[in-house]
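Remember, it's 1-based here, ligands and their atoms both numbered in the order they're listed. Computed over heavy atoms, backbone and side chain alike; hydrogens, waters and symmetry mates excluded. In this chain, residues are counted from 1 in sequence order.
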Amino acid sequence: MNRTPLVAGNWKMHKTIAEAEEYIQALLPRVSDVDGVEVGICPSYLSLQPLVDSTRGSRVAIYAQNMHEAEHGAYTGEVSAPMLVEVDVHGVVLGHSERRQYFGETDRALAAKVPAALAAGLQPILCVGETEDEREAGDTERKLRHQVQEALARAPDDRIPDVVIAYEPIWAIGTGIVATPDQAQEAIAFVRALVAGRWPEQSERVRILYGGSVKPEGAGDLIAQPDIDGFLVGGASLDPEAFAAIVRAAVPAP
Ligand code: PEP
């Protein structure tokens, strides 16, 4: 099955609107001739509308970093799917480990967020991954099974191929330690098998990304693995040159 790679840059809480605009003007020419890869940028909420406007007609799609599961309500500080749709963003990152760790994001909330995003027409990038302790205790598969099954439990069967899953081992996020290609492939193949367990006909269409200290060097060895369909990139996505190099590394061989 040919799955189009996706390389998405998660800026976290970096870049003002002015800095975001400057970055996009540097990135666009660097990826304009890159074929066969989808490119995403996940800026702060405040930069969504400006970047949607300045990337219109380009190959760069804009994603939010989070959203609330309800359409509206008394949830101070939150943003809903209809609000993201109104500014024309392409998708939304859900369940990033920093949201889980610092802001109490639960698998239960994700079970509502994934179908809410799909129903609104947003592409969810669902993040899953184990801690270092869980890996050392041999609990990686148990953790991934729990996260994937819970978060996808209420997603409509026919929309499963629209969900992107990002396998992001927490020990690799922002640490400079990258999973080896074998480690990433093994975990991602396991995630695909989990999806196949419930949706046998859809699992080959679901894109599963690797995330965790991805740099331009090393990206080629990761993407060469049969189940790795692209990257969710944090730190290295803050530099347009490095991010464009990772995008180029994901171009499928002719
Ligand atoms: C991330 O935040 O999703 C991420 C993978 O970060 P980094 O690339 O910096 O490890």
Pair Glu21, Ser54: side-chain N/O donor-acceptor within cut-off below 3.5 Å
yes
Is the shortest distance from a Lys or Arg side-chain nitrogen in Glu105 or Lys113 to a carboxylate oxygen in the other one below 4.0 Å?
yes
N/O to N/O below 3.5 Å, does that happen between Gly235 and ligand 1?
yes
So for Ala172, does at least one of its heavy atoms come nearer than 4.0 angstrom to any atom of ligand 1?
yes
Under 3.5 Å between some N or O of ligand 1 and some N or O of Thr175?
no
So, regarding Gly234 and ligand 1 (criterion: nitrogen or oxygen to nitrogen or oxygen, under 3.5 Å), is there a contact or not?
yes
Answer yes or no for Gly212: is there a heavy-atom contact with ligand 1 below 4.0 Å?
yes
Ion pair Lys15/Glu22, N-O distance below 4.0 Å:
no
If you scan protein heavy atoms around atom 5 (C) of ligand 1, the nearest is Glu168 OE2, 3.1 Å
Answer with yes or no whether the side chains of Trp171 and Glu130 bring together a donor and an acceptor at under 3.5 Å.
yes
Have a look at ligand 1 and work out which part of Asn10, if any, has a heavy atom under 4.0 Å from it: side chain, backbone, both or neither.
side chain
Could you go step by step and tell me if Glu150 and Arg108 meet the salt bridge (charged side-chain N to carboxylate O under 4.0 Å, His left out) rule?
CA-CA 7 Å; Glu150 282 263 314; Arg108 191 160 166 214; over 6 Å; no
Give the atoms of ligand 1, by number and element, whose distance to some non-hydrogen atom of Ser213 is under 4.0 Å.
7 (P), 8 (O), 10 (O)
With a 4.0 Å cut-off, would you call Arg192 and Asp229 a salt bridge?
yes
N or O pair under 3.5 Å between Lys12 and ligand 1:
yes
Under the 3.5 angstrom rule, does the side chain of Glu69 hit a backbone N or O of Ala109 as a donor-acceptor pair?
no
State whether the shortest distance between N or O atoms of Gly174 and N or O atoms of ligand 1 falls below 3.5 angstrom.
yes
In terms of residue, atom name and distance, what is the protein heavy atom nearest to atom 1 (C) of ligand 1?
His96 NE2, 3.2 Å
NZ/NE/NH1/NH2 to OD/OE distance under 4.0 Å, Lys12 and Glu98:
yes
